[in-house]
Amino acid sequence: MAIDRANVEKIIKAVGGADNIEAATHCVTRLRFSLADEKKVDHKLLEQNDLVKGHFSSQGQFQVVIGPGLVDKVYDEMIAITGGSRSSKDDVKKAAAKKQNPLQQAIKTLADIFIPILPAIVTAGLLLGINNILTGPGIFFEGRSLVQEYPAWTDFAGIINLIANTAFTFLPALIGWSAATRFGGSPLLGIVLGLILVHPDLLNAWAYAQAAQEGKIPHWNLFGWQFEKIGYQGQVLPVLVSAYLLARVERFLNKKVHDSIKLLVVAPVALLVTGFLAFTIIGPVTFAIGNAITNGLVHVFNTLPALGGILYGGIYALLVVTGMHHTFLAVDVQLIGSKGGTFLWPMLALSNIAQGSAALAMLLVFREQKSKGLAVTSSVSAFLGVTEPAIFGVNIRYKYPFIFGMIGSAIGGLVLTINHVLASSIGVGGIPGFLSIYPNQWGVFFVGMAIVLVVPFLLTAVYGKVASRKAGPADTNNESAPVQASSGTAATNETAATAAVSEAAPVVPAGKAVNVLDIQAPLAGVVVPLENVPDPAFAERQMGQGIAIEPSDGKVVAPFDAKVVHIIKSKHAIILEHATGVQVLIHIGINTVSLKGAPFTLHVGIGDEVKAGQLLIEFDREAILQARLPVITPIIIPDGQPIVGRVTEEPAGAKVAGRDIVLKIQLSPQGI
Ligand SMILES: OC[C@H]1O[C@H](O[C@H]2O[C@H](CO)[C@@H](O)[C@H](O)[C@H]2O)[C@H](O)[C@@H](O)[C@@H]1O
C-alpha cells in the first residue's frame, strides 16, 4: 500500500515538527519518538490522521501506532521528509529516559524492583488471609476462633501461616534479588545479601522495640567500634541501598579483575564490602530514615485520617494510570514490616472495586453487545484486583465512569481511614481483598465495599443514561469492543447456520454460504483477551482485533497455510499472509524488541511459503521472563484490511494448541 506523503507530513507536524523530534525509531507496529517537548503534540491532528491508529506516551517515549506492514514505510517517508537520521530503539530509550526527572526515575526504579516480587507477596497475602479466617476470633464463634473451637486444626493453620509468612519474613532476600538484578548486579548475590540482613544470629527487627525498652540490644564490637547487631526483617530501605552498592561494586570489579581470578575475587569482595557497610552505616542510617518516614506517614493518617482516606482512596486509580501505584508497594511492605499492618492497601482494594463497578455500570449505558461484553469482563478483572482493562478499556475512554469510580473510592477510603482499618498483608486486591484485612475490622471494610460497589455504579449508570438520552439514539458513544465467540474447523466455507457467533455479529441469513478463515493456535497456551495485554497499543485494539496467548512453550507455528511477508529485524514478530490476502501479525511478548533478537530462533525467512502447523520461530521463554518482559503473545489481524469482516474469538481462558482454532475471520464478500 502506498503511503500518502501528506499524511506523514501531518504526523511530523502533529508531534511538534522536525525540530521537536530528538530521536525516532519504529518497531513492528508503531513509531517511537523521543520528543523535546511532548506538550507540543497536537493530539487532534493525530486523531484525524488516517494513518494513525492510536497514540500515547509511555516512559518518556511518545508512541504513534501505525500498524504492521505500514509503519516501516511511514518511518522511511518520515526520515526522507525530515532529513533526520535513523535511530535505534536504544537511542530512543536512552533519550527518553534522560527526559525523566530524578523523581520519575526513582519511581520507575522502585516499581521495576517491586513488580517482579508482587506474585510472591500477593500469594503470601492470600494464604495469610486463609490463616486469618482460621485463627481470627469472632468470625464463626462468639469471641473465639475456629482453631480455638477445634484445636485439632491448630497446626493446619500453623503450617499455612508458616508458608504464608515466609515471603514476608525473608522479604529482604526477595528485594535483594530484584534490586540487584535491576541495578545490573548478580541476582544470586542479591539474594545472599538479603539473607545476610535477616540472618537468625541477628536480633530480629520485630523484637527491636522491646529489646530497646529492656536495654537488651546486642552489639557488634569492631576494634572498639560498637554498633547494633540487628536484622532488617520487614525493612525495605536497608536492602535497597545495599543492593545498589553491591551491584556497583560487583560491576566495578567485573571490569577491573582479570577473568582468571574473577570467581575468587568479585563475589567475595563485593559481598564483604557491602555486608560490612550494610551493618555499620547503611543499615542503621536507612533503618532510622525508614522508621522516620513510616512514623511520619502514620502520624499524618492518625491526625488527619479523613483527608488521607479521601486523597489516597480518590487518587489511587490515577496512580494506576500513571503506573506509579507500584511505588506504594514499598510503603505497604514497610508499614507491614514495622507497624504490623498497612492502612494504604485496604484503600487499594476498594479503589479496584470502585473502578470495576463503574465499568460494570456501563453495561446499562452501552448499546452495542460487544461493548457490554467488555464492561462485564473488565469489571470482573477489576473485582479480582486488576483494573487496567476497566480503566483503559472503558472508564477513561468515557471519563465519567473513571471520575465516579474515584469519587466512590474516595468515600470508601474515608470510611476506612477514620476507622483505622488495617491490612495484615498485601493480598489479592478487589473483592478478595477482605481476606487480608484484620478480621475484627471486616465489618467496616464490608461497609466500604458496599459504598464502592453502589456509589460508582449508580452515579455512572444514571449519568450515562441521561447523557446518552440527550445525545439521541444515533450516538453509539463510539463503542468498540471485542467480539467473544467460539471455534470451528479448518479454513474453508462454512454456513452461518452452523457457525457459532457472538450476539454482536451481524446476522447472516441461515444457509447462506460465507467464507471464513480459521486461525489455528500459533502457540500452545491459554487464550487471554487483548484487553489484558500490558501494552495499550494491543489492549486498546489500536492495531486491530485479535487475541493473545499466554504461551506454555517456546514455539510459534503457522496458524494457516501462508506466505511470510514480514519478519521484524529483532525476530520477535512475524506477519503472515493467507492466499485470500488476509494478513495476521504474531508478536511474541511485549517490548521484546529490546532483546535485539537474542531469545529468538528463526526457522523461516521473508517470502517463504509455509504450511499450517509448520515451525516458524522458537523463543527462549525463560530468557524473556528473566529480562522481566511478558511473554504474552498477541495475534492481531491488523486494521485496514477490507477483506476482513467479522472476527470471532476463542473465549478467554481456553487452553489451546496445535489445530485448535483461536480466531475466525469472516471474509467480506467484496474482498473474495
Ligand atoms: O499492590 C498490590 C496489588 O498489586 C496488583 O494490583 C495493582 O496493580 C495492578 C496491575 O498494575 C492494577 O491493575 C491494580 O489496580 C493495582 O491495585 C494486584 O493485582 C493486587 O492483587 C495486589 O494487591
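These numbers come from the heavy atoms of this one structure, side chains and all, not from hydrogens, waters or symmetry mates. We count ligands from 1, going down the list as the structure has it; atoms in each ligand are counted the same way. The chain is numbered in sequence order, starting from 1.
In this structure, the separation between OG on Ser357 and CG on Leu350 is 11.5 Å, given to the nearest 0.5 Å.
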Report all side-chain donor-acceptor pairs from residues 165-180 shorter than 3.5 Å, counting only partners two or more places apart or in another chain.
{"from": "Asn165", "atom 1": "OD1", "to": "Thr169", "atom 2": "OG1", "distance (Å)": "3.2"}
{"from": "Asn165", "atom 1": "ND2", "to": "Asn161", "atom 2": "O", "distance (Å)": "3.3"}
{"from": "Thr166", "atom 1": "OG1", "to": "Leu162", "atom 2": "O", "distance (Å)": "2.7"}
{"from": "Thr169", "atom 1": "OG1", "to": "Asn165", "atom 2": "O", "distance (Å)": "2.7"}
{"from": "Ser178", "atom 1": "OG", "to": "Ile113", "atom 2": "O", "distance (Å)": "2.6"}
{"from": "Ser178", "atom 1": "OG", "to": "Arg628", "atom 2": "NH2", "distance (Å)": "3.4"}

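Between Ile437 and Val444 the shortest side-chain heavy-atom distance does not fall below 4.5 Å. For the pair Thr460/Met362, a side-chain contact is recorded, criterion being any heavy-atom separation below 4.5 Å from C-beta on.
The protein residues lying under 4.0 angstrom from ligand 1, judged by non-hydrogen atoms, are Leu118, Val122, Tyr316, Val320, His325, His326, Leu329, Trp345, Leu348, Asn352, Gly385, Val386, Thr387, Glu388, Ile426, Gly427, Val428, Gly429.
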Salt bridge (Lys or Arg N to Asp or Glu O under 4.0 Å) assessment of Glu531 paired with Arg397: CA-CA 13 Å; Glu531 285 64 31; Arg397 279 170 52 199; over 6 Å; no
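The local environment of OH in Tyr463 is sparse, with at most 12 non-hydrogen atoms from other residues, nucleotides or ligands closer than 6.0 Å.
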